[in-house]
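All heavy atoms count here, side chains included; hydrogens, waters and symmetry mates do not. For this chain, numbers begin at 1 and follow the sequence in order. Only a predicted model underlies this, so the values are computations on that prediction, with no experimental measurement involved.
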Amino acid sequence: MKKLRIGSRASNLAMIQTNWVADLIRRLLPELEIEIIQIQTHGDRVQDLPLDKLNDKGVFIKELERALLTGEVDLAVHSMKDMPSELTDGLELLPPPKGEDPADVLILDKPLKDISQLSKLRIGSGSKRRRYQLETIFPGIEVLSIRGNIETRIGKIRTEGLDGVILAKAGILRAGYGSQISYTFDPKSFLPAPCQGMLGIQIRTSDADLKGELSALADRATTLRWEAEREFQREIGAGCHSPVGIYSEVQENQIFLWGMFGDEQGSVLLYDEISGRLSDRLELARVLAGRLKEAVWQRDL
């Protein structure tokens, strides 16, 4: 292969992430000519509905996957947290490169003296997971539904009279807005989305040679966490818009997992954690997911 065509969403952050992956590939395979092809997804086109109202688990990936399957592109770059738990036939994800900080952050119009003051504010969010956790931890907070890319969401602090917005730290850092972060949530107690901060590199299953050539991009610790968090997501059986969160840490031969799950209305939101041998990471993830599902089901009775 002399030329590699990479599919990407057209947003500023998506292009930053795709160019970062492209640079990794250029250093690994300098003889390759790389072309980035921008593809607009359903989630990008429909901006007047909350994500959970689109009734589609792959709102930010389907058009990219279609381009892969038809041969328009050879590789697609996604935010891993956008990926449904079940992959499309004929496509696979490569073990990911090193991930960014998975925490969620606040960007506020005015600084807080104490985080407990958040209970009095109006915060914009496009995620049930973030909304329900904010409402549980900070009773009295008003969470308003917003959509758009990073720049649009930050801009809504002023255009819609919000006190702030909550976003993924990884995207904020990659897009160069780190100086605007007002507060970083502890991911052990305010759970991020599965694989938040990781990038998904997707190829056709039949492209074995490309898979072998790009295997050196994988980061070991990120890959181990990715495997466990994806297994948790699969066992939960929830899409990327459901109130589900997980955070993981790898320490030598141990893995630590913190999980969150709730019902669709946010009336039940439960947390649990588990740890054990790194070699048992998939089973630990399944056990944690099973316990949370059972506990939420019992509370809903």
Side-chain angles (χ1 to χ4, degrees), residues 1-45 56-102 149-151 168 170-176 194-227 229-230 240:
M1 179 183 289
K2 295 181 179 180
K3 183 174 183 178
L4 183 71
R5 298 161 301 169
I6 303 179
S8 172
R9 291 170 62 194
S11 72
N12 180 48
L13 176 59
M15 288 299 295
I16 288 171
Q17 293 179 158
T18 299
N19 276 296
W20 183 78
V21 171
D23 286 342
L24 291 179
I25 296 173
R26 287 189 184 100
R27 290 197 289 270
L28 180 65
L29 302 168
E31 72 280 3
L32 271 185
E33 177 189 351
I34 294 179
E35 178 185 5
I36 296 175
I37 298 174
Q38 295 183 1
I39 297 172
Q40 191 175 47
T41 67
H42 181 58
D44 295 314
R45 289 193 300 270
D56 190 342
K57 293 182 180 181
V59 294
F60 293 119
I61 69 164
K62 281 195 172 180
E63 287 79 1
L64 288 162
E65 291 191 328
R66 189 176 300 117
L68 267 174
L69 290 170
T70 60
E72 180 184 347
V73 300
D74 307 298
L75 178 151
V77 176
H78 310 277
S79 290
M80 192 76 79
K81 68 184 181 67
D82 292 336
M83 301 301 294
S85 56
E86 299 299 327
L87 295 178
T88 299
D89 289 344
L91 301 177
E92 66 177 281
L93 288 168
L94 300 181
K98 185 174 178 59
E100 186 52 270
D101 190 326
N149 58 30
I150 287 177
E151 292 79 10
I172 294 297
L173 294 178
R174 287 175 179 143
C195 303
Q196 185 161 298
M198 301 180 195
L199 297 181
I201 301 176
Q202 192 176 33
I203 65 171
R204 291 180 288 271
T205 306
S206 59
D207 288 341
D209 289 345
L210 181 60
K211 180 178 181 179
E213 289 176 323
L214 299 183
S215 62
L217 297 180
D219 176 77
R220 179 179 180 273
T222 303
T223 297
L224 293 169
R225 293 180 51 238
W226 167 68
E227 290 171 343
E229 294 188 17
R230 290 280 293 173
C240 63

Non-neighbouring partners of E100 that pass side-chain hydrogen bond (donor to acceptor under 3.5 Å, both in side chains), sequence neighbours left out: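 Not a single residue meets the side-chain hydrogen bond (donor to acceptor under 3.5 Å, both in side chains) criterion with E100.
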
Contacts of R66 that satisfy side-chain hydrogen bond (donor to acceptor under 3.5 Å, both in side chains) - sequence neighbours left out: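 Checked R66 against side-chain hydrogen bond (donor to acceptor under 3.5 Å, both in side chains); zero matches.
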
Side-chain contact, heavy-atom cut-off 4.5 Å: [X] with [Y]?
{"X": "L199", "Y": "W20", "result": "yes"}
{"X": "R9", "Y": "H78", "result": "no"}
{"X": "L4", "Y": "L29", "result": "no"}
{"X": "I150", "Y": "I172", "result": "yes"}
{"X": "M80", "Y": "L93", "result": "yes"}
{"X": "P102", "Y": "R225", "result": "yes"}

Look at [X] together with [Y] and state whether they make a salt bridge at an N to O cut-off of under 4.0 Å.
{"X": "D101", "Y": "R174", "result": "no"}
{"X": "E35", "Y": "K3", "result": "yes"}
{"X": "K211", "Y": "E92", "result": "yes"}

Roughly how far, to the nearest 0.5 Å, is the CD atom of E31 from the NZ atom of K2?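 CD of E31 is found 11.0 Å from NZ of K2.
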
To the nearest 0.5 angstrom, please state how far the CG atom of L94 sits from the CH2 atom of W226.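 The CH2 atom of W226 is 7.5 Å from CG of L94, to the nearest 0.5 Å.
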
Please report the shortest heavy-atom distance between [X] and [Y], naming the atom on each side.
{"X": "A14", "Y": "S8", "value": "O-OG, 3.5 Å"}
{"X": "E63", "Y": "I39", "value": "CB-CG2, 3.8 Å"}
{"X": "I61", "Y": "P84", "value": "CD1-CD, 3.3 Å"}
{"X": "L28", "Y": "L217", "value": "CD2-CD2, 3.9 Å"}
{"X": "L68", "Y": "A76", "value": "CD1-CB, 3.9 Å"}
{"X": "A175", "Y": "I16", "value": "CA-CD1, 3.7 Å"}

Okay, side chain of [X], backbone of [Y]: is any donor-acceptor separation there less than 3.5 Å?
{"X": "D207", "Y": "I203", "result": "no"}
{"X": "Q196", "Y": "K81", "result": "no"}
{"X": "D74", "Y": "R5", "result": "yes"}
{"X": "D219", "Y": "T222", "result": "yes"}

Among I201, L64, T18, I34, exactly one meets side-chain contact (heavy atoms from CB on, under 4.5 Å) together with L75. Which residue is that?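 Option passing the side-chain contact (heavy atoms from CB on, under 4.5 Å) with L75: I201.
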
Between R27 and L24, does a side chain to side chain contact (heavy atoms under 4.5 Å, CB included) hold up when you go through it step by step? CA-CA 5 Å; R27 290 197 289 270; L24 291 179; 3.0 Å; yes

Begin from the C-alpha positions of I37 and I6 and carry the test side chain to side chain contact (heavy atoms under 4.5 Å, CB included) through to its verdict. CA-CA 6 Å; I37 298 174; I6 303 179; over 6 Å; no

After noting the C-alpha distance and the side-chain angles of R230 and C195, does the key distance pass the side chain to side chain contact (heavy atoms under 4.5 Å, CB included) rule? CA-CA 7 Å; R230 290 280 293 173; C195 303; 3.7 Å; yes

Verify the distance criterion only: is there a donor paired with an acceptor across the side chains of T88 and E65 at less than 3.5 Å?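 Distance-only check passes for T88 and E65.
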
Set of residues satisfying salt bridge (charged side-chain N to carboxylate O under 4.0 Å, His left out) with respect to K98, sequence neighbours excluded: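 Per chain and number, K98 pairs via salt bridge (charged side-chain N to carboxylate O under 4.0 Å, His left out) with no residue.
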
